[in-house]
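Here is the structure we will look at, set down as structure tokens.
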Amino acid sequence: MIKVFLKKGREESLMRFHPWVFSGAIAEIKGSPSEGDVVAVYASDGSFMAFGHYQIGTIAIRILSYEEDVLMPDFWERRIRAAYLMREKVGLVGNPETDCYRLVHGEGDLLPGLVVDYYGGVCVLQAHSAGMFRARLRIAEALRKVYGDSLLAVYDKSSATVPFKAGLEPVDGYLYIRDGFSDKGFSVLENGHKFYVNWKEGQKTGFFLDQRENRALVGRYASGKNVLNLFCYTGGFSIYALAAGAEKVVSVDSSRRAVSSLGDNISLNGFNDGRHISVCADAMDYLKKIPENEYDLIVVDPPAFAKHRGALRNALRAYQRLNADAISKVAQGGLVFTFSCSQAVSREAFALAVFSAAAETGRAVRILDRMNQPSDHAVNIYHPEGEYLKGLLLYVE
Ligand code: SAH
């Protein structure tokens, strides 16, 4: 196995179990690893530290283990079983109301570079590193062992996420499919609400599982309200609001495909009762054009404005502008549920952007709640970067 030696004084983050080795921390590589190879990492004094996946880039090694277990044939099964047991502990496995959850959340499950979302028997895998992509067949095999006969299919959707290097040319497709399984019109249950999930054509793995609890929170406040759901995707927040008895719900997304699926989800839940309106438009333009006081509850859940640190300043400005418009338009005594899923934007920076937005409008604004990512999007305590979803519930006078 290829050995990587760290520079003196650059071992500290690994000693604190942070799962990344940056290229600048490497003193010497003995041999020439290919992307995705498992390499052994050594301290400058030659003592062994960990095993990880090698990749060309700023993050050169993603740590898989501090022990030799990574070399054992049952490594993948053990890690995936541990992830499964955690979801079972928090009540997501075998839950009659919810049959979809994130099974593997990268570093949060000690599997950096891997995402696996579970949809009612189907696992959708996304590799964000060459190493995880190269391990996909072993991962699929491990999923079969963990779920047994209940597993319907494993779909690999890594083409958009795995770095296109080292001759990897990922093509999305099934790694396993049980006889007779069809993905046509496949739907899941989330807190008793039904949603079609199309992992082949939808965004990410097909559905945004990370908003499950925040959708339920919107449901708690939506009865009798006029609701505006901006960046609605397939209508997660809208369905909860309609189920809770909202008077009217307007859902806005710029993706034609998302808006079409949203319509299907409205029908699937039996909400073709005239209370819902779908709009395919730019949410920021739409918000600017609506009159004040029309909506009592506005959900603002944009895509990640800052995909990396370099985009931070512009992203914060965009959050401020968007939130200023939402705060100025919401009815008196109204609620704004505002989110950021940009990992590069800290909770504090986001709160500051929303604070500046509120100050711009001059309205009295109280923070009623602070929202997070749910437990199945677990954060490894040694990897605070795993925390990415944050939100504020604002009461606007
Ligand atoms: N709230 C959604 C998830 C939002 S993901 C849920 O609960 O499932 C972000 C969404 O923003 C995507 O659906 C994307 O199509 C949409 N989007 C991106 N840019 C947009 C824009 N400028 N205007 C409207 N929608 C946009």
Side-chain angles (χ1 to χ4, degrees), residues 98 100-102 115 117 119 124 126 160 187-191 193-199 201-219 222 227-244 246 249-266 268-269 276-290 297-307 311 314-315 317-319 321-323 325-326 329 336-343 345 371-374 376-377 388-393:
T98 300
C100 51
Y101 51 84
R102 176 153 292 189
V115 162
D117 284 342
Y119 296 114
V124 183
Q126 261 191 337
S187 66
V188 294
L189 261 188
E190 190 191 79
N191 288 318
H193 308 297
K194 295 177 202 144
F195 293 95
Y196 287 113
V197 178
N198 183 336
W199 40 87
E201 289 166 345
Q203 298 181 28
K204 304 282 172 88
T205 66
F207 193 56
F208 290 91
L209 293 164
D210 54 2
Q211 288 289 24
R212 179 177 52 245
E213 284 167 16
N214 301 326
R215 290 175 186 139
L217 189 67
V218 164
V227 176
L228 176 62
N229 180 9
L230 298 173
F231 309 93
C232 64
Y233 189 49
T234 57
F237 287 103
S238 308
I239 297 288
Y240 281 67
L242 290 163
V249 178
V250 175
S251 309
V252 184
D253 201 283
S254 59
S255 154
R256 213 164 278 286
R257 193 188 294 282
V259 173
S260 157
S261 308
L262 156 70
D264 296 339
N265 285 331
I266 296 289
L268 184 65
N269 289 278
H276 183 260
I277 297 166
S278 303
V279 180
C280 186
D282 181 285
M284 281 147 326
D285 290 349
Y286 190 84
L287 181 59
K288 280 204 189 328
K289 286 184 193 138
I290 60 166
L297 193 165
I298 302 182
V299 178
V300 185
D301 184 25
F305 283 158
K307 296 253 189 306
N314 284 342
R317 240 180 264 131
Y319 283 119
R321 219 172 304 126
L322 179 59
N323 280 288
D325 287 341
K329 290 293 167 80
V336 177
F337 289 76
T338 182
F339 298 95
S340 163
C341 61
S342 301
Q343 188 269 321
V345 174
M371 288 83 83
N372 294 301
Q373 62 209 63
D376 50 334
H377 292 61
Y388 69 100
L389 181 65
K390 54 256 160 212
L392 293 170
L393 168 51

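Remember, it's 1-based here, ligands and their atoms both numbered in the order they're listed.
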Enumerated ligand 1 atoms positioned under 4.0 Å from heavy atoms of [X]:
X	result
Q203	12 (C), 13 (O), 14 (C), 15 (O)
F237	1 (N), 7 (O)
S255	15 (O)
Y233	2 (C), 3 (C), 8 (O), 13 (O)

Check your understanding: Is there side-chain contact between N269 and H193, with heavy atoms separated by less than 4.5 Å?
Key ->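 When only atoms from C-beta onward are counted, H193 and N269 do touch, with a gap below 4.5 Å.
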Check your understanding: Mind checking whether C232 and L262 have side chains closer than 4.5 Å, heavy atoms only?
Key ->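 Sidechains of L262 and C232: in contact.
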**Study point:** Trace of the side-chain contact (heavy atoms from CB on, under 4.5 Å) decision for Y119 with L209
**Key:** CA-CA 10 Å; Y119 296 114; L209 293 164; 3.9 Å; yes
Exercise for review: Check step by step if side-chain contact (heavy atoms from CB on, under 4.5 Å) holds for I266 and L242.
Suggested key: CA-CA 9 Å; I266 296 289; L242 290 163; 3.6 Å; yes
**Study point:** Proximity to ligand 1 by part of A281, non-hydrogen separation under 4.0 Å
**Key:**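 Answer for A281: backbone.
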To check your reading of the model: name the closest protein heavy atom to [atom], its residue, and the distance in Å.
atom	result
atom 23 (N) of ligand 1	A283 N, 2.8 Å
atom 20 (C) of ligand 1	S254 OG, 3.2 Å
atom 4 (C) of ligand 1	F231 O, 3.2 Å
atom 18 (C) of ligand 1	P303 CG, 3.5 Å

Review point. Angle class for the F208/Y233 ring planes (parallel below 30°, perpendicular above 60°, tilted otherwise)?
Key: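 Rings of F208 and Y233: perpendicular, as their planes differ by over 60°.
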Exercise for review: Using a strict cut-off of less than 4.0 Å between a Lys/Arg side-chain nitrogen and an Asp/Glu carboxylate oxygen, indicate whether D376 and R212 qualify as a salt bridge.
Suggested key: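 Result for this pair is yes, salt bridge flagged.
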Check your understanding: Relative to F207, does R215 satisfy both conditions: NZ or CZ under 6.0 angstrom from the six-membered ring centre, and within 45 degrees of the ring's axis?
Key ->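 Judged by the rule, R215 and F207 form a cation-pi pair.
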Check your understanding: Out of N229, D282, D253, whose heavy atom sits nearest atom 22 (N) of ligand 1?
Key ->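 Minimum heavy-atom distance to atom 22 (N) of ligand 1 goes to D282.
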Review point. Nearest to atom 6 (C) of ligand 1 by heavy atom, Q211, R215, R256: which?
Key: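 Ranked by closest heavy atom to atom 6 (C) of ligand 1, first place is R215.
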Review point. Does an N or O from D301, backbone or side chain, lie closer than 3.5 Å to an N or O of ligand 1?
Key: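 Min N/O separation from ligand 1 is below 3.5 Å for D301.
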Check your understanding: Step by step, would you call K390 with N372 a side-chain contact (heavy atoms from CB on, under 4.5 Å)?
Key -> CA-CA 5 Å; K390 54 256 160 212; N372 294 301; 5.7 Å; no
